[in-house]
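Encoded as structure tokens, the structure appears first; notes follow it.
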Amino acid sequence: MVFSPDGQTIASAGADMIRLWDAATGREILTLTGHSDKVNSVSFSPDGQTIASAGADMIRLWDAATGREILTLTGHSDKVNSVSFSPDGNTLASGSDDGTVLLWEFEPTLVE
């Protein structure tokens with residue numbers, strides 16, 4: 001379980017989904033589905049706009065506002081146990097039962 005950077009949303013992982021909760025009321029906001037197996041870890045990007053989830057199958061990135069899947073990352077050869085964004089949000093670290101830590105780099109985008 002993890003809080004969004006602004007503290008208003010909680011993301012919880014389990015089974016094959018991620019649930020987003022309103023931190024003030026405890027009401028469920030969204031359910032994110034797409035993993036085929038247990039979700040082991042979730043992480044908000046520093047700006048709160050993206051959620052990364054680590055599952056037994058792969059890493060998925062989600063739009064935190066809509067719950068839409070943005071990107072799927074594969075590269076580990078065993079279940080992924082953890083994900084965490086760098087402070088600038090341009091890198092995601094993932095750790096796996098395959099004994100590796102992978103760093104995923106993202107291009108910053110400018111909003112005009």
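- Between D47 atom CG and S4 atom OG the span is 11.0 Å, to the nearest 0.5 Å.
- Between L92 and I59 there is a side-chain heavy-atom pair separated by less than 4.5 Å.
- Legend: residues meeting side chain to side chain donor-acceptor pair (under 3.5 Å) with Q49, ordered by chain and number and at least two apart, are absent.
- Rounded to the nearest 0.5 Å, atoms OG (S77) and CG (D97) are 9.5 Å apart.
- Of the possible donor and acceptor atoms, one in the side chain of R60 sits under 3.5 Å from a partner among the backbone N and O of G34.
- A pairwise comparison of heavy atoms in P46 and P87 identifies CG-O, 3.2 Å as the closest pair.
- Between the side chain of S86 and the main chain of T91, a donor-acceptor pair closer than 3.5 Å is present.
- Rounded to the nearest 0.5 Å, atoms CG (L102) and OG (S96) are 7.5 Å apart.
- In this structure, V80 and N40 have side chains that are not in contact, with every pair of non-hydrogen atoms separated by 4.5 Å or more.
- Scanning all heavy atoms of the two residues, the minimum distance from F3 to A23 falls at CE2-CB, 4.0 Å.
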- Item | Derivation of the side-chain hydrogen bond (donor to acceptor under 3.5 Å, both in side chains) call for W62 and S53 | CA-CA 8 Å; W62 311 85; S53 58; 2.8 Å; yes
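- Atom CG of L20 and atom OG1 of T9 lie 6.5 Å apart (nearest 0.5 Å).
- Taking the six-membered ring for Trp and thresholds of 30 and 60 degrees, W104 and H76 have ring planes more than 60 degrees apart, a perpendicular arrangement.
- Between the CZ atom of F85 and the CD1 atom of I51 there is a distance of 9.0 Å, given to the nearest 0.5 Å.
- The minimum heavy-atom distance between V42 and A11, with the atom names listed, is CG2-O, 3.7 Å.
- Shown here for L73 and L71, the closest heavy-atom pair between the two residues is CD2-CD2, 3.7 Å.
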